[in-house]
K.L.:
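Can you keep this structure in mind? I'll have questions shortly.
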Amino acid sequence: QTQLVESGGGLVQPGGSLRLSCEASENIFNFLGMGWFRQPPGKQRELVAEIFRSGRTNYADSAKGRFTISRDDAKNTISLQMYSLNPEDTSVYYCAGRRPGRSAYEKWGRGTQVTVSS
């Protein structure tokens with residue numbers, strides 16, 4: 001079955017940057033959209049950014065101007081470039097896929113930890 005594997009997480013100081021990657025075991029064009037989610041401690045899982053087959057993107061207000069989502073169909077990979085990280089960005093970050101005709105993301109990776117701390 002399809003797998004989504006995240007990488008690139010780690011420990012970074014406030015103001016620093018990280019680039020997360022997610023590689024899928026199938027053509028990511030098969031998904032209507034691909035997205036990055038996070039679940040900070042004590043909070044519900046939330047959408048950080050998503051990108052559709054058309055190239056259209058959507059960002060959480062907290063991510064706008066700091067994060068950039070991109071896709072590489074040839075490599076079946078999506079990425080999340082994060083700048084100006086702050087402690088509130090600390091979370092497990094999950095890669096997810098949304099199938100055509102579906103209103104929700106149903107395919108999930110196992111996640112990669114991002115910790116922003118001094």
K.L.:
Are there more than 12 heavy atoms of other residues, nucleotides or ligands under 6.0 Å from atom CZ of Arg110?
P.N.:
no
K.L.:
Using the rule that two of Ile, Leu, Val, Met, Phe, Trp, Tyr join whenever any of their side-chain heavy atoms come within less than 4.5 Å, decide whether Ile69 and Tyr93 are in one cluster.
P.N.:
yes
K.L.:
What residue pairs, at least two apart or across chains, pass side chain to side chain donor-acceptor pair (under 3.5 Å) with a residue in residues 40-49?
P.N.:
Arg38-Glu46
K.L.:
Hey, could you give me each pair passing ring pair (Phe, Tyr, Trp, His ring centres under 6.0 Å) that has a residue in residues 36-63? Not counting sequence neighbours.
P.N.:
Phe37-Tyr105, Phe37-Trp108
K.L.:
Give me the atom names and distance for the closest heavy-atom approach of Met34 to Cys95.
P.N.:
CE-SG, 4.0 Å
K.L.:
Report the distance from atom CZ of Phe67 to atom CZ of Arg19, rounding to the nearest 0.5 Å.
P.N.:
13.5 Å
K.L.:
Do Val12 and Asp89 have side-chain heavy atoms sitting under 4.5 Å apart?
P.N.:
no
K.L.:
Check whether any side-chain heavy atom of Ser117 lies under 4.5 Å from a side-chain heavy atom of Leu11, and answer yes or no.
P.N.:
yes
K.L.:
May I ask you to check whether over 12 heavy atoms, not counting those of Glu26, lie within 6.0 Å of atom CD?
P.N.:
yes
K.L.:
Is any side-chain heavy atom of Lys107 closer than 4.5 Å to one of Arg102?
P.N.:
no
K.L.:
Between Leu18 and Met82, does a side chain to side chain contact (heavy atoms under 4.5 Å, CB included) hold up when you go through it step by step?
P.N.:
CA-CA 5 Å; Leu18 282 174; Met82 305 184 292; 3.8 Å; yes
K.L.:
Test your reading of the model: is there a side-chain donor-acceptor pair from Glu6 to the backbone of Gly111, 3.5 Å cut-off?
P.N.:
yes
K.L.:
Where do Ala104 and Arg98 come nearest, in terms of heavy atoms and distance?
P.N.:
O-CG, 3.7 Å
K.L.:
Among Arg99, Glu106, Arg53, find the one that has a side-chain contact (heavy atoms from CB on, under 4.5 Å) with Phe31.
P.N.:
Arg99
K.L.:
So, the side chain of Ser21 versus the backbone of Ser79: is there a donor-acceptor pair under 3.5 Å, distance only?
P.N.:
no
K.L.:
If you look at every heavy atom in Val114 and Gly9, which pair is closest and at what distance?
P.N.:
CG2-CA, 4.2 Å
K.L.:
Applying salt bridge (Lys or Arg N to Asp or Glu O under 4.0 Å), can you list everything that pairs with Asp72, at least two apart in sequence or on another chain?
P.N.:
none
K.L.:
When you look at Thr2 and Asn30, which way does the side chain to side chain contact (heavy atoms under 4.5 Å, CB included) test go after all the steps?
P.N.:
CA-CA 11 Å; Thr2 300; Asn30 292 342; over 6 Å; no
K.L.:
Between Gln81 and Ser17, what is the shortest heavy-atom contact and its length?
P.N.:
NE2-CB, 4.2 Å
K.L.:
Search all heavy atoms of Ile28 against all heavy atoms of Thr77 and return the closest pair with its distance.
P.N.:
CD1-O, 3.8 Å
K.L.:
Using a 3.5 Å distance criterion without hydrogens, assess whether the side chain of Glu23 forms a donor-acceptor pair with backbone atoms of Leu4.
P.N.:
no
K.L.:
Please say yes or no: joined through hydrophobic side-chain contacts below 4.5 Å, possibly via intermediate residues, are Val116 and Leu20 part of one cluster?
P.N.:
yes
K.L.:
Distance from Arg71 atom CZ to Thr57 atom OG1, nearest 0.5 Å?
P.N.:
11.5 Å
K.L.:
Mind checking whether Asn86 and Pro14 have side chains closer than 4.5 Å, heavy atoms only?
P.N.:
no
K.L.:
What is the distance from atom CD1 of Ile51 to atom CG of Leu32, rounded to the nearest 0.5 Å?
P.N.:
12.0 Å
K.L.:
Hey, could you give me the NZ/CZ distance between Lys64 and Arg66, rounded to the nearest 0.5 Å?
P.N.:
13.0 Å
